[in-house]
Amino acid sequence: MSDFASAWALCRSRFVDAVDGLSQAQLNWRMHPGTLTIGEMAFHVAGAEVNFAAQLTESALDPYLERLSHAATDRIVNEKPFPFSEAETTPEAIREALERSKGVMGPLIERPTGEILRKEIVSVLGPVITGEGAFARMAFHAAYHQGQVHFMRTAPGFPPN
């Protein structure tokens, strides 16, 4: 297992734990108009994993994974609408997204080849990065959003369970 994978697995598991068990109302609660909901964050974390993995492997995605990959950028770094509606943002949908993205990112980050580490791709935020840079980002990405989830869950007005 790579060093990237160890950090990714730890940070990602903490993120999954932070969103697991939330209700649909809690997943869709928006702290204020400029923020993502917890559900959107979960789709975004999964989408970034799918986006990077697809670029690194030059793989075509099935329609669901293609849509999920757009959650990495839509409404976050561009003006497009978020690809999943509130009605679709359910605990089951979040679990599926995170499981599917783990399935495509996990094997790559756990045993990256030299070719994958050197491959150039476009980051979710726009700059060209290498596979090594993508894995470095993935290693902490879920932890960044897990911190946001904590603040939202403890904010005044967050829906009770």
Side-chain angles (χ1 to χ4, degrees), residues 1-22 26-28 35-78 80 82-84 88-154:
M1 181 178 285
S2 75
D3 290 341
F4 295 121
S6 298
W8 175 74
L10 174 65
C11 294
R12 194 177 194 284
S13 70
R14 289 183 176 171
F15 177 80
V16 170
D17 289 347
V19 302
D20 193 42
L22 294 179
Q26 291 170 321
L27 290 170
N28 284 298
T35 63
L36 294 174
T37 67
I38 293 172
E40 288 168 341
M41 278 184 229
F43 281 129
H44 165 74
V45 166
E49 292 172 350
V50 170
N51 181 295
F52 282 178
Q55 288 187 76
L56 288 168
T57 60
E58 297 181 20
S59 298
L61 298 172
D62 68 41
Y64 174 78
L65 289 178
E66 180 65 34
R67 185 174 175 214
L68 187 56
S69 76
H70 289 285
T73 54
D74 291 355
R75 190 180 173 279
I76 296 158
V77 297
N78 63 38
K80 295 178 182 177
F82 196 76
F84 295 89
E88 295 173 294
T89 305
T90 65
E92 298 78 22
I94 297 304
R95 274 188 224 99
E96 177 184 3
L98 291 167
E99 280 302 308
R100 295 278 310 268
S101 67
K102 181 180 181 181
V104 295
M105 177 53 74
L108 290 174
I109 200 167
E110 289 168 3
R111 289 174 292 288
T113 64
E115 181 182 348
I116 291 289
L117 290 170
R118 290 185 301 274
K119 184 165 182 58
E120 290 189 345
I121 65 170
V122 178
S123 168
V124 168
L125 298 178
V128 174
I129 59 174
T130 62
E132 183 174 14
F135 294 147
R137 285 159 177 79
M138 289 295 95
F140 78 89
H141 186 235
Y144 172 82
H145 290 292
Q146 187 263 329
Q148 292 176 325
V149 170
H150 171 75
F151 283 117
M152 290 177 72
R153 290 183 69 164
T154 59

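In this chain, numbering begins with 1 at the start of the sequence shown.
Remark: M105 CE to F135 CZ distance equals 6.0 Å, nearest 0.5 Å. Rounded to the nearest 0.5 Å, atoms CD (E49) and CG (L68) are 9.0 Å apart. Atom OG1 of T89 sits about 4.5 Å away from atom CG of N28, to the nearest 0.5 Å. Annotation: the span from Q26 atom CD to R153 atom CZ amounts to 6.5 Å, rounded to 0.5 Å. Atom OH of residue Y144 and atom CE of residue M41 lie 8.5 Å apart, to the nearest 0.5 angstrom. The distance from the CZ atom of F82 to the CG atom of L36 is 6.5 Å, given to the nearest 0.5 Å.
Scanning both residues, V50 and S69, for their nearest heavy atoms gives CG1-CB, 3.9 Å. Nearest approach of A139 to C11, heavy atoms of both residues: O-SG, 3.3 Å. Smallest separation of non-hydrogen atoms from E110 and A5: CA-CB, 3.7 Å. Heavy atoms only, all atoms of each residue included: A48 and M138 are closest at CB-CE, 3.9 Å. Listed here is the closest heavy atom pair of T57 and A53: OG1-O, 2.8 Å. For the residue pair L56 and A134, the shortest heavy atom distance occurs at CD1-CB, 4.4 Å.
Residue K119 places its NZ atom among more than 12 non-hydrogen atoms of other residues, nucleotides or ligands, all under 6.0 Å distant. Annotation for R100: atom CZ counts as buried by contact number, over 12 foreign heavy atoms lying within 6.0 Å. For E92, the CD atom counts as densely surrounded, since its 6.0 Å shell holds more than 12 non-hydrogen atoms of other residues, nucleotides or ligands. The number of heavy-atom neighbours closer than 6.0 Å to OH of Y64, taken from other residues, nucleotides and ligands shown, is above 12.
The closest side-chain heavy-atom distance from R12 to L98 is below 4.5 Å. Between F43 and L27 the shortest side-chain heavy-atom distance does not fall below 4.5 Å.
Judged purely by atom type and a 3.5 angstrom limit, R137 uses its side chain to pair as donor or acceptor with the backbone of G133. N78 contributes a side-chain N or O that, together with a main-chain N or O of R75, makes up a donor-acceptor pair within less than 3.5 Å.
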Evaluate H150 against Q146 for side chain to side chain donor-acceptor pair (under 3.5 Å), listing each step before the verdict.
CA-CA 6 Å; H150 171 75; Q146 187 263 329; 5.8 Å; no

With side chain to side chain contact (heavy atoms under 4.5 Å, CB included) as the test, would you mind laying out the steps for F15 and H145 before giving the verdict?
CA-CA 7 Å; F15 177 80; H145 290 292; 3.8 Å; yes

One pair to check against side chain to side chain contact (heavy atoms under 4.5 Å, CB included): T130 and L117. What are the steps and the verdict?
CA-CA 6 Å; T130 62; L117 290 170; over 6 Å; no

